[in-house]
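Data block below; observations after.
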Amino acid sequence: MTDPERTVTNPRQDRVHLTHYHFGHTAIFSARVDQRCSWCAYIPSSYERDGDRAYPLAVVLHGTERDVLGYRDQFAAWGEENDCIVLSPLLPAGIPGQRDLHNYHWVRYKGIRFDHILLGIVDEARDLYRVDGDRFLLHGFSGGGHFTHRFLYLHPRRLLGASIGAPGVVTLLDPDRPWWVGIGGVEHEFGQGVDIEAVRQVPVQMVVGDQDLDEWEITLDPGDSMWQEGINDTGRTRPERLRSLRDSFAGHGAAPRFDLVEGAVHDGFQVLEPVKEFFGEVLAAHRKNPEEAA
């Protein structure tokens, strides 16, 4: 399993044979860290096979529907305009059981560390392409929003910025509540604590549609395998729950950007414009002063 905290020096490009299918809108490749998973990417046209320029990396993670190509393609023009590699991982449903739709939402599920799988996919991209550093932008919507904020708690030093889109169930930045209602007991679950100071240093966006009001999928009951006491106490709807998450960040001195998108329902593509704007601002700050952004 890939060490999630290792620093990789990009190898010489001639160590890997890159084909036509590794550039532009790439093919879908199985992930070397776990071949049940896969990834595709968009590589900007300015990328030269034999060049020496390094590119930032933006990871866009699907929701429960797993529209991996859709998210890659939605960010392709943005990646072209911002000279940024866009990586779109696929964490399939049905791992480990055929009915497991929500596996990666919880980061650790039935012994599988989906955070390690994502980091392994990122390291694979860094071995193939000239990626600038080991930190990356991460956006996820719905199920991807579940994963993104929990990943942020565990790996803040790997992120340039995190965009949390409309998770149905939130884990508050609250050490007095048990994992996954809060972050209490994370050491027992993951063998590491949450560095709240490091989390506070990561630029964070929270984004949701103002018409994202359906409750049927996000209200857990005691018969649900992921139910815990207090899991529904953060609000009835996704906007309410995301505001609760924002307030828990603010309670620890963080100041996440909060975007409520007018007219948007629970549709990840409808909230992408503010996400692209946020990513652009984070990249601009990083390029202006990469040491300070680090």
Inset, instruction - Only one of Trp106, Phe151, Phe114, Phe141 passes ring-ring contact (aromatic ring centres under 6.0 Å, His included) with His146; say which it is. - result: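 Result: among Trp106, Phe151, Phe114, Phe141, Trp106 is the only option passing the ring-ring contact (aromatic ring centres under 6.0 Å, His included) with His146.
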Among side-chain atoms of [X] and [Y], is any donor-acceptor pair under 3.5 angstrom?
X: Asp174; Y: Ser248; value: no
X: Asp115; Y: His155; value: yes
X: Tyr55; Y: Asp83; value: no
X: Glu240; Y: Thr234; value: no

If the condition is ring pair (Phe, Tyr, Trp, His ring centres under 6.0 Å), which residues does [X] pass it with, not counting sequence neighbours?
X: His62; value: Tyr104
X: Phe258; value: none
X: Phe75; value: none
X: His25; value: Tyr42

Inset, instruction - Would you sort out whether Leu173 and Ile183 count as a side chain to side chain contact (heavy atoms under 4.5 Å, CB included), showing the intermediate values? - result: CA-CA 6 Å; Leu173 188 61; Ile183 59 172; 3.8 Å; yes
Inset, instruction - Taking only Lys NZ, Arg NE, NH1 and NH2, and the carboxylate oxygens of Asp or Glu, determine whether Arg257 and Glu277 approach each other closer than 4.0 Å. - result: yes
Inset, instruction - Inspect the contact between Arg53 and Glu48 and indicate whether a charged nitrogen and a carboxylate oxygen are less than 4.0 angstrom apart. - result: no
Donor-acceptor pair, [X] side chain versus [Y] backbone, under 3.5 Å?
X: Tyr47; Y: Arg130; result: yes
X: Arg99; Y: Gly94; result: no
X: His22; Y: Thr19; result: yes
X: Asn82; Y: Cys84; result: no
X: Arg238; Y: His266; result: no
X: Asp210; Y: Gly263; result: yes
X: His286; Y: Leu160; result: no
X: Ser142; Y: Gly63; result: no
X: Gln211; Y: Glu262; result: no
X: Glu124; Y: Ala31; result: no

Looking only at heavy atoms, which two atoms of [X] and [Y] are closest? And how far apart?
X: Ala125; Y: Leu87; value: CB-CD2, 4.2 Å
X: Gly133; Y: Arg126; value: O-NE, 3.0 Å
X: His105; Y: Gly143; value: NE2-CA, 3.3 Å
X: Ser38; Y: Ser30; value: CB-CA, 3.9 Å
X: Ile218; Y: Asp214; value: CD1-O, 4.1 Å
X: Gly209; Y: Pro239; value: O-CG, 3.5 Å

Only counting residues at least two apart or in another chain, list the ones meeting salt bridge (Lys or Arg N to Asp or Glu O under 4.0 Å) with [X].
X: Arg150; answer: none
X: Glu197; answer: Arg200
X: Asp247; answer: none
X: Asp233; answer: none

Legend entry - Arg157/Asp195 under salt bridge (charged side-chain N to carboxylate O under 4.0 Å, His left out): CA gap, chis, key distance, verdict: CA-CA 10 Å; Arg157 291 181 176 84; Asp195 186 338; 2.6 Å; yes
Single-linkage hydrophobic cluster, 4.5 Å side-chain cutoff, [X] and [Y] together:
X: Leu61; Y: Leu101; answer: no
X: Leu242; Y: Leu213; answer: no
X: Phe147; Y: Met226; answer: yes

Tell me if the [atom1] atom of [X] is crowded by more than 12 foreign heavy atoms within 6.0 Å.
X: Arg246; atom1: CZ; result: yes
X: Asp221; atom1: CG; result: yes
X: Phe269; atom1: CZ; result: yes

Inset, instruction - Kindly indicate, with the supporting measurements, whether the criterion side chain to side chain contact (heavy atoms under 4.5 Å, CB included) is fulfilled by Ile95 and Ile112. - result: CA-CA 9 Å; Ile95 301 175; Ile112 301 170; 3.4 Å; yes
Inset, instruction - List, by chain and then residue number, the residues other than Trp216 in its hydrophobic cluster (Ile/Leu/Val/Met/Phe/Trp/Tyr, side-chain heavy atoms under 4.5 Å); write none if there are no others. - result: none
Inset, instruction - Run through the side-chain heavy atoms of Ile, Leu, Val, Met, Phe, Trp and Tyr, join any pair under 4.5 Å, and report what else lands in Ile28's cluster. - result: Val68, Leu69, Leu90
Inset, instruction - Give the intermediate values and the outcome of side chain to side chain contact (heavy atoms under 4.5 Å, CB included) for residues Gln201 and Ile196. - result: CA-CA 9 Å; Gln201 298 304 313; Ile196 293 178; over 6 Å; no
Legend entry - Pair listing, side chain to side chain donor-acceptor pair (under 3.5 Å) test, anchored in residues 65-78, at least two apart: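 Counting only pairs at least two positions apart or across chains, the side chain to side chain donor-acceptor pair (under 3.5 Å) contacts touching residues 65-78 are Arg66-Asn103.
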Legend entry - Check against side chain to side chain contact (heavy atoms under 4.5 Å, CB included), Leu159 and Phe136: CA-CA 5 Å; Leu159 294 175; Phe136 54 93; 3.6 Å; yes
Can you give me every donor-acceptor pair (side chain of residues 161-170, partner residue at least two apart or in another chain, under 3.5 Å) with its distance?
| from | atom 1 | to | atom 2 | distance (Å) |
| --- | --- | --- | --- | --- |
| Ser163 | OG | His139 | ND1 | 2.9 |
| Ser163 | OG | Gln205 | OE1 | 2.6 |

Legend entry - Residue pair Arg32, Asp127: steps toward the salt bridge (charged side-chain N to carboxylate O under 4.0 Å, His left out) verdict: CA-CA 11 Å; Arg32 69 185 182 192; Asp127 286 347; 2.5 Å; yes
